[in-house]
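In what follows, a structure is listed as structure tokens, so that the remarks can point back to it.
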Amino acid sequence: MSLGQLHYTSAPPGPDGSGFRFTALTPGLPQSVLREAEQLIGYEPPRNAPSRPSATELEAFPRAFSYSELSDGSRLLARTVYTGADYSGRWGNFHAHAVHLAPGRQLPDGALPVSAWESPGWAAATPEGGAPPALAALPPSTLLDPAGLIAFAASRAPWLAAVFTDLQRQAEDETAPQVVLVERDSADVARWVALASAALPREAAHRLTFTTYTRRPHLAGQRIVGVLPDDAHGLAGSGRRYRVHDCSAPPPAPDGPAPGPDGSEPAPWAVAAARIWSAGAFELFQHAHRLPGEPFTAGPPSALALCAGIDLPSSHRTAAALWACEHPAELDGQELDGLVQTLAAPRQEAAVPAAETAALAELFARVGANLRPETAAPLAARLLTSAVRSDEPVRPPDPGALTDEVARQLAAELGPELRAGIADPAGGFARPLRLLRVAGLLAVDCSDLVAPLTHRLAAALLADPAAYGGELHETLADRPDLHTALLRELDAAALAGPASVTVLLERAPVELESREALPYLRMCGWKARGPAGGGGGDRNGELRAVLEAAGVSVFAHPPLLRVAFRLVWGSDTPTPEEARYVLAETGADVHRPAETWPFLVTAALNGRPGDPHADELAHELLAAFSRELRPHDRAALLLLEFARDLRAGGAGPGWVDRYLGLRRAAEPVNPTVLEHVCGRIARRLLTDPGAGRELDDLIRSRDADLCAAYERAAREDAIHGRLLREPRYFADRFVDWNAHPQAGGAWGKVRGALLDGVLRPAARALAAEDLAAVEAALAKRGARHAEDFRAWNRPGALSWLGLRFGGRDSRPGKGSPRRRGAGSDSGYGSGSGSGSGSDDRYRDGGVR
């Protein structure tokens, strides 16, 4: 590689003129480079410099050492010194010697530009001949020795982090402000550049442009600009263009790193680089540049600094630990030991930040097994101490991480704090669980605290199953006593409220394996984690499966049946059929101590109207639990049993009276029971040939529910079909529904609906011969019945209100009262209540 040379000074007249001009050039340098270089290598003496300096004073003048980027991408490395008088004796001369680097080229062997500060290769005067050859290299300076740079870094420690922060911004953003370094000696600016070049990533260091001295910083284009104190005053308040660091004044923060010119905190990478230089460990930079990681991240330099025992703030310790977690193979055994030892060392802070502790725990989990016991134990002790004294969660190390001696010391020191924290209910259960794990690691006896802790834990989990997490799962695995106690608590909770325990087991993977019976918990476990679909819709089969899952006989532990009922039916009620199945399979005796017989009673009372299982269940319950039933429930069940007797044909006469008596005892009656019983009575009244007197009782009862049920039953398809098929049945209903027109009450409301809404549509659907058959059947009941039917069924005739025995005024003198059915009745319907035997109880439509 060759470096083209340029010399510039005030020279006597020659072919190129006189005054300041290029006096020697390596052939081939472009004119554009010369024009730009001429603007960069000038020199203006300091403001207070002597006008006619002596030789000694000349040596004290600042040296302008610069590295600049040209418009074509090439670089110019130059040294300009004040020489005093020129050839004519006029004062103000200077000599500039520069070398040109083509675009993309660096100094030979990749040397950094700052290494040429006061290099022996710089010339003090223009060489003879006028065309110097290109240089092969610039020997490095002997003035930037490591010891001198370390001493300088120590003297500039308060400014290091702030300056490095600004240089990081420049490397990441080309529009970032220029860094102005105010020093009394231009050599110190060169030392600043040397410190920065070592710390910056190699590529950024080669791009770093600078000048160690200028009188006019506002005209300088380099990234680092060195000025004397007298030349910095005009830069105040130009924060968008300049970041001014006045290192000639006392530092603003004598006890620590100075903030940036705008008061901002230094960047983490900059703080790490500053600490490394202050510790004199600059060789770590080369190692850090080779480590993986994004440029200017704090992890690599922080990790190496901590390996070397250099103290760093908590954020850097955190970054170093996390970086080491990701790249453990980048550090050899000795470095890793050094890192862990530094991280485990006691700190001055009263409390270590949670982020650092979490990073240390992660690092220990990754590399703890590869550490020597004497190295691992202090870090494990620190993590355990943090777990006890920190409010934030800390993952404890594995049990084997502590030596016996360290474990004994920690147990003595932390034992009282552990017990107090486990017993404290104020902070929930997360922290007590962590402390319980630590107590197990240190063999601190806390067995007496497990039961109350488990009680709180179970209550919290039942209230919010989402509280079950990985840490709790691990703690239960580490502490079998806690796991056993929790299962006992959940078993007891399952007896009181199985639904909440089932929800918990559905959402949380609580391990149910145990040597203990825990029957209620096992039933909830089957319900929560059993086969999909449970019993496939067969709730009786599901009940049997739940009881089998308990592993204990329900006859030995009757409360199992109550829990099983709640698991299978929840807030629902068994159907009467299901209840009958349960009663038949288990027998009545187990239901008394299990207190489940009320479920069966509810099933009977809530059964669907018309369900034969409901009245059969009522009969069975009356026989099985006669002593346990309350009078109200007994009366309701007797109503259902009465419906059963009606259905089976075993009910004696007086249905309505019996119904009314049972209803009074059962009030308020469940509507489904009422509908069920009334429906049975109504159907029996409509189908039993000998129910005439019972119908009279219904009319007399004025019971609205019974009358409404009678109307509903009369409107059923079966009745309509029978009216069309059986003339005598039609005739009997005509006589019944015309009965007692003045009865009023509930019967008065349904009588017209029955005639017009049920009987008349049926009459219109009958053929002529069927109507004749109906009249014949009515004639057998009495001529008047046939005559009334013809009048009622005459086209255009009014409803039953127009009938003479319904519309005739029954007041004395207005007509002759006549008993209906004056003639003799015989055959079908003779006991229907329309014959003479029943008519004598009524006069003028009124009840005696």
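All residue numbers in this chain count up from 1 along the given sequence.
- A salt bridge is absent between D173 and R169; no separation between the charged side-chain nitrogens and carboxylate oxygens falls under 4.0 Å.
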Which is it for S66 and L40 under the side-chain contact (heavy atoms from CB on, under 4.5 Å) test, yes or no, and what are the steps along the way?
-> CA-CA 8 Å; S66 63; L40 296 170; 5.6 Å; no

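- The backbone N or O of L200 sits less than 3.5 Å from a side-chain atom of H289, completing a donor-acceptor pair.
- The distance from the CZ atom of R243 to the CD atom of Q178 is 13.0 Å, given to the nearest 0.5 Å.
- Between R240 and P177 the shortest side-chain heavy-atom distance does not fall below 4.5 Å.
- Without hydrogens or angle criteria, E330 side chain to P300 main chain gives no donor-acceptor distance under 3.5 Å.
- Here the shortest heavy-atom pairing between L107 and L112 reads CD1-O, 3.7 Å.
- Between the T9 side chain and the F94 main chain, a donor and an acceptor come within less than 3.5 Å of each other.
- The minimum heavy-atom distance linking D72 with V33 is given by the pair OD2-CG2, 3.9 Å.
- Of the N and O atoms on the side chains of Q222 and S68, at least one donor lies less than 3.5 Å from an acceptor on the other residue.
- In this structure, the side chain of W277 engages the main chain of L195 through a donor-acceptor pair within 3.5 Å.
- By the 4.5 Å heavy-atom criterion applied to side chains, R191 and L149 are counted as neighbours.
- Side-chain atoms of S186 never come within 3.5 Å of backbone atoms of P62 as a donor-acceptor pair (strictly under, hydrogens ignored).
- Of the possible donor and acceptor atoms, none in the side chain of T375 sits under 3.5 Å from a partner among the backbone N and O of L371.
- Checked for salt-bridge contact, E57 and R52 miss the test: no charged N lies under 4.0 Å from a carboxylate O.
- The closest side-chain donor-acceptor pair between W192 and E183 falls under 3.5 angstrom.
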Please report the C-alpha distance between V182 and D231 in whole Å, then the side-chain angles of each, then the deciding distance to 0.1 Å, and finally whether the side-chain contact (heavy atoms from CB on, under 4.5 Å) criterion is met.
-> CA-CA 9 Å; V182 183; D231 300 322; over 6 Å; no

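- Interatomic distance, L304 CG to R290 CZ, rounded to the nearest 0.5 Å: 9.5 Å.
- The distance from atom CG of D246 to atom CG of L181, rounded to the nearest 0.5 Å, is 10.0 Å.
- Looking at F152 and D188, their side chains come closer than 4.5 Å, going by heavy atoms from C-beta outward.
- Contact check for T318 versus P353: no side-chain heavy atoms found under the 4.5 Å cut-off.
- Summarising the geometry, atom CG belonging to D230 is positioned 9.0 Å from atom CZ belonging to R215; distances are rounded to the nearest 0.5 Å.
- Judged purely by distance below 3.5 Å, without hydrogens or angles, the side chains of E69 and T209 never pair a donor atom with an acceptor atom.
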Stepwise salt bridge (Lys or Arg N to Asp or Glu O under 4.0 Å) test for R366 and E326 = CA-CA 9 Å; R366 296 285 187 94; E326 298 175 359; over 6 Å; no

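- With sequence neighbours excluded, the residues forming a salt bridge (Lys or Arg N to Asp or Glu O under 4.0 Å) with R216 are E44, listed by chain and number.
- Between R184 and S248, the shortest heavy-atom distance links the atoms NH2-O, 3.6 Å.
- Interatomic distance, S197 OG to I224 CD1, rounded to the nearest 0.5 Å: 7.0 Å.
- Closest non-hydrogen pair, L384 versus P397, comes out as CD2-CD, 3.6 Å.
- Counting heavy atoms from C-beta on, the side chains of E38 and F22 come closer than 4.5 Å.
- Under the 30°/60° scheme for interplanar angles, the aromatic rings of H97 and W122 are found to stand perpendicular.
- The two atoms that bring A324 and L339 nearest to each other are CB-CD2, 3.8 Å, heavy atoms only.
- For CZ of R389, the number of neighbouring non-hydrogen atoms (other residues, nucleotides, ligands) closer than 6.0 Å is greater than 12.
- Remark: the backbone N or O of L343 is paired with a side-chain donor or acceptor of R317 at under 3.5 angstrom.
- Ion pairing of R382 with E356 is present here, as a side-chain N (NZ or NE/NH1/NH2) and a carboxylate O approach within less than 4.0 Å.
- Under the 4.5 Å side-chain criterion, counting only non-hydrogen atoms from C-beta, Y67 is not in contact with L208.
- Here the side chain of Y82 pairs a donor or acceptor atom with the backbone of G92 at under 3.5 angstrom.
- With hydrogens and angles disregarded, no donor-acceptor distance shorter than 3.5 Å links the side chain of H100 to the backbone of G4.
- Counting heavy-atom neighbours within 6.0 Å of E203 CD, excluding the residue itself, gives a total of 12 or less.
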Evaluate the side-chain contact (heavy atoms from CB on, under 4.5 Å) criterion for residues L3 and L77: first the C-alpha distance (whole Å), next the side-chain angles of each, then the deciding distance (0.1 Å), finally the verdict.
-> CA-CA 10 Å; L3 302 172; L77 184 62; over 6 Å; no

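- Looking at T212 and W117, their side chains come closer than 4.5 Å, going by heavy atoms from C-beta outward.
- Using a 4.5 Å heavy-atom cutoff, the side chains of H287 and E335 are in contact.
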Side-chain polar contacts of residues 124-137 - donor-acceptor pairs under 3.5 angstrom, sequence neighbours left out - could you list them?
from, atom 1, to, atom 2, distance (Å)
T126, OG1, T23, OG1, 2.6

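- Remark: the backbone N or O of E36 is not paired with any side-chain donor or acceptor of Q39 at under 3.5 angstrom.
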Does the side-chain contact (heavy atoms from CB on, under 4.5 Å) test come out yes or no for V163 and R156, once each step is laid out?
-> CA-CA 10 Å; V163 173; R156 298 299 187 270; over 6 Å; no

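- Annotation for T214 and A220: closest pair CG2-CB, 4.5 Å, computed over non-hydrogen atoms.
- No more than 12 heavy atoms of other residues, nucleotides or ligands shown are found within 6.0 angstrom of CZ on R90.
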